[in-house]
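Some notes on the structure that comes next.
In what follows, every heavy atom counts, from backbone to side chain, and hydrogens, waters and symmetry copies are set aside.
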Amino acid sequence: MTTHHTFCRICEASCGLRVDVDDGRVTRIRPDAEHVGTSGFACTKGLHQHELYDSPDRLRHPMKRADDGSVASVSWRTAMDDIGRRVAEIRREHGPDAIAMYVGTAAGFSVLHPIFAQGFMTAVGSRSMYSSATQDCANKFAVSRWMYGFPFLQPFPDVESTRCLIIVGANPVVSKWSFLQVSNPGDRLKAIRRRGGTVVVVDPRRTETAKVADEHVFIRPDSDAFFYLGFLHEVLARGAFDRDRIQAHMKGFDAVQALARAWSPERCASATGIDPDVLRRLVTIYLEATEAGGAALYCSTGVNMGRNGSIAFWLQEVINAVSGNLDRAGGTLVGQGAIDLPAFGAKRGLLMRPDRSRVGDFLSVNDTFPGGVLADEIETPGTGRVRALFVTGGNPLLTMANSARLRKAFGQLDLLVTLDIFPSETGSVAHYQLPCTSPLERPDIPALFPFMLGLQSRPYVQATRALVEPPGEARDEASIYLDLCRAAGLPIFGSRVAQRALQLLSRRRGQPYATLPQETLLSVMLRLAREGSFERLLREPHGRRRKVAQADFLGGRVQTGDGRVDLAPEALLQQAAGLDAVLERTQRETTGLKLITKRAVTSHNSWTHNAKRFVAGRGRDTNYLYMHPDDARARALEEGAWVDVRSATGHLRVSIKLLDDLMPGVVALPHGWGHQASGMGVAGKTRGVNVNILAADGPDNLEPVSGMAHLTGIPVEVRAADGPADTRSWSGLPDGRG
């Protein structure tokens, strides 16, 4: 048996791990107690991920679906040549934008994967990029582009020294942090309290994070913009802003003052349900902590996925900025990565294309269009209609809004290819499923953006070799995209020199297909980042510490045209002009039920349901609709009752669980379920339903600044069902039947 040191690549926390390998198989994973960034913490998903990757359901060979729906394995040469031929034909007949790509979350936790995926699309010459970001975080990218000059300039709370942290719509104890690498979040939040600071959670549910905080405040779902408006109003009314700092480093202050003036805590309470005196007390806590050493407001997906996620995040950033907490120890900091990607990107327009979507006229965010118009882009005739789609590291048929409609749209594609480790729901309707390596089967360095942008609370860099061989003919995605470019006659990154050089560097390793020298490529990246070679970094098995974020953003690293933070971007002011109408609609919805999501510690999006450890046991093989007991009594419902949940878009049948931790008027249904069509041995036998059937897509239903779908705070009706549903046959169809 050999023990290796590596790091987890399931989420941003990137926890250090010790992995035992015996006879070519991972037998045990433990936290690395000596790791410089994570100090012996890892969650259950990371510690048992090998049980997921060892599944007999792993894709081991390229799989091709025939016209009659049957699926059979084919050689890599057959798959590559046929896909390449089809890509070339579609591009020639319909133009490059007819070939699209959807990039899922899994791609973000590998360094070479997203780079080579983009290299393939650059070779094609297509702008038709879609990503999972428009399900959960594109609002932050869009706002940061306008405020700070680059999408990935993402201020984060200085959790090491803040005196007050107000968390809105986030549950880091279960979900870890977002846009920040923080291990053991529960202990880190408790540490704030131990040093005399205050942690407050504002959420429609008393979450696991709320239970380790000083205080929890209920808020009605999808009303966060009004919480921030009332908060900003009170900060400005008290004169608690740093005028000298604002004049030196910011612009647009008068405009946000004018906007906030009309939104008193009393007016906002009609939407949020938060007593005005409670809101004023939170402002007092925040401002007193500002004077004592720094405070921060932080939000995540519970805010992002609402109908006004961009407005809410923008107002949060304005509050942190004008109160003097932006770019301040104890407040919010902007990390400095291994290279100055924001300066490089802003100068060259990287990730800031001015392109607009064919359907809906949405400005691209991070060079991608909204996933919520993908079905429209497939179904709408005309130049640029999407006819081929590559899905890489994602599963849009479970994760995207109105996935029942999207499934039908996928049936109109001339070519659908998935790159995955499992035969997912999306793969079940694909023409080709290409088998990829798992995180334990490839060399790597920490995820590109935490490392390159410094989104780490305790910055570190580490290298890991592949710990085990991939099963069958599984290949890394970078090598697959290089091979696809060869087959289509299109040079990777649009460079024939790069294509030839990378093909020459690739080696066959006894296989009938070539594999890129990943360690060599990673070493080049490390040298460019002045971190030495891959081999040298391997000699530091617990990681190498990097410089902790400093307060040096204002006056030096802001990437707007004049180097000043824009507090009042025109796009956001225009959207804010409609807030009166939004308030009226929100007030009308206060008497009904609103649906939010909920995550379990053993679940990560749609990834982990094919391991028995995570879904075996009584009641763990499905999701439930969680409901407050008062709401259940009002509908004559009891624990375990089957109910029909209806939105304006679709309906589901599911059983309920009662939960006192919910705010009355709120129901919660965990996402990531509905695997019955996948064909996976464990996940395919689960009974969960796909909550995204209830969410709307299409250009009229997307948030205008970011293009994000409305995935939380959805108005729903819940009624007793006539009987139980056969959820084992659930396939994502609108009526809940397979």
Side-chain angles (χ1 to χ4, degrees), residues 139-158 179 228-229 231-233 235-236 239-261 287 290 294-299 310-337 339-354 363 365-366 453-455 549-577 705-706:
N139 64 315
K140 290 189 172 183
F141 293 133
V143 169
S144 292
R145 172 179 179 172
W146 296 122
M147 288 189 71
Y148 307 125
F150 191 70
F152 275 95
L153 284 171
Q154 294 287 335
F156 55 80
D158 180 11
F179 286 67
Y228 286 115
L229 277 169
F231 201 109
L232 178 60
H233 172 99
V235 168
L236 298 179
F241 50 88
D242 189 336
R243 186 173 293 277
D244 291 341
R245 206 167 194 244
I246 291 168
Q247 289 179 344
H249 300 295
M250 305 171 199
K251 60 185 177 184
F253 180 62
D254 291 344
V256 296
Q257 264 192 318
L259 171 66
R261 194 170 292 124
L287 294 178
T290 299
L297 283 157
Y298 168 79
C299 69
S310 292
I311 292 287
F313 180 62
W314 164 49
L315 293 170
Q316 172 189 282
E317 295 302 285
V318 168
I319 295 166
N320 284 333
V322 302
S323 64
N325 283 299
L326 171 63
D327 194 35
R328 175 190 178 188
T332 63
L333 299 170
V334 179
Q336 179 72 60
I339 62 173
D340 196 350
L341 182 61
F344 178 86
K347 185 176 181 179
R348 291 163 177 79
L350 180 68
L351 301 176
M352 296 195 296
R353 282 189 342 221
L363 181 67
V365 176
N366 276 5
L453 292 159
L455 298 174
Q550 304 292 316
D552 60 358
F553 176 59
L554 297 177
R557 294 196 287 122
V558 178
Q559 297 301 322
T560 55
D562 59 4
R564 303 170 73 196
V565 173
D566 191 350
L567 298 175
E570 185 60 31
L572 291 160
L573 286 177
Q574 288 179 6
Q575 187 177 349
V705 171
S706 66

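Tyr148 has its side chain out of reach of Gln154: every pair of non-hydrogen atoms, C-beta onward, lies at least 4.5 Å apart. For the pair Val558/Met147, no side-chain contact is recorded, criterion being any heavy-atom separation below 4.5 Å from C-beta on. For the pair Pro155/Leu326, a side-chain contact is recorded, criterion being any heavy-atom separation below 4.5 Å from C-beta on. A 4.5 Å side-chain heavy-atom check between Phe253 and Val322 finds at least one atom pair inside the cut-off. Inter-residue side-chain proximity for Val143 and Leu572 is flagged as met; some heavy-atom pair is nearer than 4.5 Å. Within the 4.5 Å cutoff, the side chain of Leu153 has heavy atoms near those of the Phe553 side chain. In this structure, Leu259 and Leu229 have side chains that are in contact, with non-hydrogen atoms separated by less than 4.5 Å. No side-chain heavy atom of Glu317 sits under 4.5 Å from any side-chain heavy atom of Thr332.
Formation of a donor-acceptor pair under 3.5 Å by the Lys140 side chain with backbone atoms of Cys299 is found in this model.
Contact detail for Ala255 and Ala568: the closest heavy-atom pair is CB-CB, 3.7 Å. In terms of heavy-atom proximity, Gly149 sits nearest to Ala346 at O-CB, 4.0 Å. Considering all non-hydrogen atoms of both residues, Asn139 and Ser310 come closest at CB-OG, 3.5 Å.
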Step by step, would you call Leu232 with Val318 a side-chain contact (heavy atoms from CB on, under 4.5 Å)? CA-CA 8 Å; Leu232 178 60; Val318 168; 4.1 Å; yes

Could you go through the side-chain contact (heavy atoms from CB on, under 4.5 Å) check for Arg564 and Met250 one step at a time? CA-CA 5 Å; Arg564 303 170 73 196; Met250 305 171 199; 5.7 Å; no

Go through Leu567 and Lys251 one step at a time and tell me if the side-chain contact (heavy atoms from CB on, under 4.5 Å) criterion holds. CA-CA 6 Å; Leu567 298 175; Lys251 60 185 177 184; over 6 Å; no

What's the verdict on side chain to side chain donor-acceptor pair (under 3.5 Å) for Asn325 and Thr290, showing C-alpha distance, side-chain angles and the deciding distance? CA-CA 7 Å; Asn325 283 299; Thr290 299; 2.9 Å; yes

Could you go through Leu350 and Leu341, starting from their C-alpha distance and side-chain angles, then the distance that decides it, and tell me whether this counts as side-chain contact (heavy atoms from CB on, under 4.5 Å)? CA-CA 9 Å; Leu350 180 68; Leu341 182 61; 3.8 Å; yes

The test is ring-ring contact (aromatic ring centres under 6.0 Å, His included); show your working for Tyr228 and Phe313 and say whether it passes. CA-CA 9 Å; Tyr228 286 115; Phe313 180 62; 8.8 Å; no

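In this structure, the separation between CZ on Arg145 and CG on Leu351 is 9.5 Å, given to the nearest 0.5 Å. One distance of note links OG of Ser323 with CG of Leu287; it measures 7.0 Å at 0.5 Å rounding. The CG atom of Leu554 lies 5.0 Å from the CZ atom of Arg245; values are rounded to the nearest 0.5 Å. For the atom pair Leu236 CG and Gln257 CD, the distance stands at 5.5 Å (nearest 0.5 Å). In this structure, Ser706 OG and Asn366 CG are separated by 11.5 Å, a value rounded to the nearest 0.5 Å. Atom CE of residue Met352 and atom CD of residue Gln559 lie 8.0 Å apart, to the nearest 0.5 angstrom.
Phe231 meets the ring pair (Phe, Tyr, Trp, His ring centres under 6.0 Å) test with Phe227, Tyr286; sequence neighbours excluded. Residues meeting the side chain to side chain donor-acceptor pair (under 3.5 Å) test with Lys347, sequence neighbours left out: none. Residues passing the side-chain contact (heavy atoms from CB on, under 4.5 Å) test with Ala571, sequence neighbours excluded: Trp146. Ala258 is linked by a side-chain contact (heavy atoms from CB on, under 4.5 Å) to Arg261, counting only residues two or more places apart in sequence or in another chain. Among residues two or more places apart in sequence or in another chain, the ring pair (Phe, Tyr, Trp, His ring centres under 6.0 Å) test is passed with Phe141 by Phe152, Phe179. Considering only residues two or more places apart in sequence or on other chains, Asp552 meets the side chain to side chain donor-acceptor pair (under 3.5 Å) condition with Arg557.
The aromatic ring centres of Tyr298 and Phe156 sit 6.0 Å or more apart.
When each of Ile319, Leu573, Val705 is paired with Trp314, the side-chain contact (heavy atoms from CB on, under 4.5 Å) condition holds for Leu573 and for no other.
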